[in-house]
Structures are given as structure tokens and as C-alpha cells.
Amino acid sequence: MQRIFARLTGLVSILLLFTFIPIFFAGLRLYQIPMGLLPQDAIKFEAVPWSLFFHALGGLLFGLLGPLQFVGALKLRFGRLHRISGRVFVAAGILLGLSSLRLVSTFPDATTWVVVSARAVGGLGLILALILALHAIAKRRVELHRAWMIRAYAIGMGSATLVAFIQLPVFLITGEPLQGYAADLIFVASWAINLGIAEWVIRHIGAKAKQALLSP
């Protein structure tokens with residue numbers, strides 16, 4: 001039991017550390033919106049406060065529950081908790097995707113067409129991945145379900161890669177945020193990086209499962 005919880009704590013800690021910044025800002029938005037304390041660069045979102053609120057709520061729950069969904073020990077020892085948190089995770093992801101599409105459609109000129117397009121594709125991709133994950137588990141295709149859940153998490157947490165490994169280091173070094181089309185391309189690349197890692201993880205898990213079946 002102690003070994004199981006050690007593995008669980010380690011994986012969850014790594015993923016939460018990786019996604020800490022977007023989760024923190026999502027929680028901050030949940031406080032700022034009802035209190036009327038949005039910063040100047042986000043004042044425009046007062047036109048659709050509920051969309052922003054649900055986007056922050058979906059992002060917070062999605063980011064917090066995501067790591068728990070990928071801990072095999074939790075599923076084996078606490079199957080009911082895994083299923084309940086999984087349902088909330090899916091609902092939060094769909095809420096995150098829908099609110100993202102709403103914000104993009106409301107403020108199409110808020111940024112460049114590259115970023116707007118990426119956010120629209122990301123929102124649609126997140127919703128589609130979660131729907132396919134639900135369809136797979138309904139058919140009891142557990143491996144396919146897991147693969148689509150991993151892809152959904154990679155899409156939903158795409159901004160974590162951008163902020164943690166690119167934007168924050170550049171800002172700390174130069175004192176200025178990334179700007180221009182180079183920043184836009186890096187923004188899009190963060191999703192590509194996440195999906196690439198997700199596909200590697202899916203293949204790695206599949207290979208280990210096949211190896212376990214073939215072992216005497």
C-alpha cells in the first residue's frame with residue numbers, strides 16, 4: 001500500500017508542478033470575476049463574464065483531476081473514485097472546450113488569426129477527444145479510452161508547455177513577453193509538442209502491455 005501511494009504521489013506531483021501556472025491563473029480568475037477585479041488586459045471579458053468564469057472553472061477542474069486519471073494504482077485500488085473523478089474530468093474538459101469556442105467567437109479580433117485558429121481547433125479537438133474517450137469506454141475498449149483521455153489532457157493542458165518552458169523563461173531572461181508571429185508559432189507548437197508526447201506515452205503503454213501479455 002505504501003509503495004502504491006508513493007508512485008501515486010510522485011506522478012501526481014510531477015503533473016501538477018508542470019501545470020501549476022495555468023491552474024493557478026484559472027483559480028485566480030474564479031476569484032477576480034465575481035469580485036470585479038479583472039486586470040486591465042482582461043477587462044474586455046466583462047462583456048461575457050459567464051463564459052470566462054466557466055472557462056476558468058473548467059480549466060481548474062481539468063488541470064487538477066487530470067493527473068489522477070492516469071494513476072493506475074488509483075484505478076485498481078479505488079475504482080469508484082476513479083470513475084467519479086473521470087466523469088467530472090470529462091465534464092470539465094467539455095466545459096473548457098465549449099467556453100474556449102465561445103470566447104474565440106466573441107473576440108475574434110482579440111489576437112492574430114494564427115492564435116485564434118489554434119484556439120478554435122484546440123477547443124474542438126478537446127471536445128472530440130473526450131467524446132471518443134466516452135464512446136470507447138462505453139464499448140469497454142479500455143486501451144482506446146485511455147489513449148483518447150491522454151490526448152484530451154495533452155490538448156487541454158497545451159498552454160502549460162508554452163508558459164512553463166517558453167514564455168516564463170523568456171520573460172525572466174529578457175523582462176519582456178514574447179510577441180509577433182514567432183510567438184504565435186511557438187503558441188501553436190506547444191500543442192504539437194504536447195500531442196507528440198501524448199502519442200509517445202500511448203505507444204509506450206501499449207508496448208508494455210503487449211510485453212506483459214507475451215511474458216511467461
Side-chain angles (χ1 to χ4, degrees), residues 9 11-71 74 81-111 115-116 118-131 133-134 149-168 171-172 177-178 187 190-191 194:
T9 303
L11 177 59
V12 171
S13 298
I14 291 171
L15 290 175
L16 287 179
L17 180 64
F18 175 65
T19 58
F20 170 76
I21 295 176
I23 289 174
F24 170 79
F25 279 105
L28 184 62
R29 284 286 187 263
L30 291 177
Y31 169 75
Q32 291 174 333
I33 295 167
M35 298 297 292
L37 297 175
L38 284 174
Q40 191 63 37
D41 61 348
I43 288 295
K44 61 179 178 292
F45 293 117
E46 289 184 344
V48 284
W50 284 110
S51 296
L52 184 61
F53 183 85
F54 286 133
H55 188 70
L57 178 62
L60 180 67
L61 293 175
F62 191 83
L64 288 175
L65 293 176
L68 297 177
Q69 293 307 112
F70 306 116
V71 179
L74 180 66
L81 177 60
H82 173 80
R83 290 190 295 272
I84 293 173
S85 64
R87 293 187 183 104
V88 178
F89 173 77
V90 170
I94 292 176
L95 185 63
L96 179 63
L98 289 175
S99 59
S100 179
L101 293 173
R102 167 64 172 164
L103 291 172
V104 166
S105 64
T106 304
F107 303 102
D109 300 325
T111 185
V115 175
V116 169
R119 286 174 174 165
V121 172
L124 290 171
L126 174 57
I127 295 169
L128 178 61
L130 291 170
I131 291 173
L134 290 175
M149 289 288 272
I150 291 172
R151 292 181 182 116
Y153 182 73
I155 296 171
M157 292 288 103
S159 62
T161 302
L162 175 70
V163 174
F165 294 105
I166 302 172
Q167 284 187 339
L168 183 59
F171 181 78
L172 291 176
L178 283 171
F187 179 82
S190 66
W191 266 285
N194 272 27

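Values in this document were obtained by computation on a predicted structure and should not be read as measured data.
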inquiry  = Contact between Phe89 and Leu61 at the side-chain level, heavy atoms closer than 4.5 Å - yes or no?
reply    = no

Distance col, row Arg29:CZ vs Leu57:CG, nearest 0.5 angstrom, shows 14.5 Å

The reported gap from CD1 in Ile127 to CG in Leu98 (rounded to nearest 0.5 angstrom) is 4.0 Å

Nearest heavy-atom approach of Val48 to Phe107 is CG2-CE1, 3.5 Å

Interatomic distance, NZ@Lys44 vs CG@Leu103, rounded to 0.5 Å, equals 9.5 Å

Of all heavy-atom pairs linking Gln32 and Pro39, the shortest is OE1-CD, 3.7 Å

Next on the checklist: Tell me if a side-chain donor or acceptor on Ser100 pairs with a main-chain N or O of Leu96 at a distance below 3.5 Å.
Outcome noted: no

All heavy atoms of Gly63 vs all of Pro67, minimum pair found to be O-CD, 3.1 Å

Check your understanding: Hey, mind stepping through Ile155 and Asn194 against side chain to side chain contact (heavy atoms under 4.5 Å, CB included) and telling me if it holds?
Key -> CA-CA 7 Å; Ile155 296 171; Asn194 272 27; over 6 Å; no

Closest non-hydrogen contact found for Leu60 with Gly27 is CD1-N, 4.2 Å

Residues Met157 and Gly59: closest non-hydrogen pair is CE-O, 4.3 Å

Does the side chain to side chain contact (heavy atoms under 4.5 Å, CB included) test come out yes or no for Ile131 and Val90, once each step is laid out? CA-CA 9 Å; Ile131 291 173; Val90 170; over 6 Å; no

Problem set entry | Derivation of the side chain to side chain contact (heavy atoms under 4.5 Å, CB included) call for Phe62 and Leu126 | CA-CA 11 Å; Phe62 191 83; Leu126 174 57; 3.9 Å; yes

Here the gap from Arg102 atom CZ to Leu95 atom CG, rounded to the nearest 0.5 Å, amounts to 13.5 Å

Here the gap from Phe45 atom CZ to Ser51 atom OG, rounded to the nearest 0.5 Å, amounts to 10.0 Å

*Heavy-atom count around Phe25 CZ within 6.0 Å, excluding the residue itself: above 12?*
no

The reported gap from CG in Leu130 to OH in Tyr153 (rounded to nearest 0.5 angstrom) is 13.0 Å

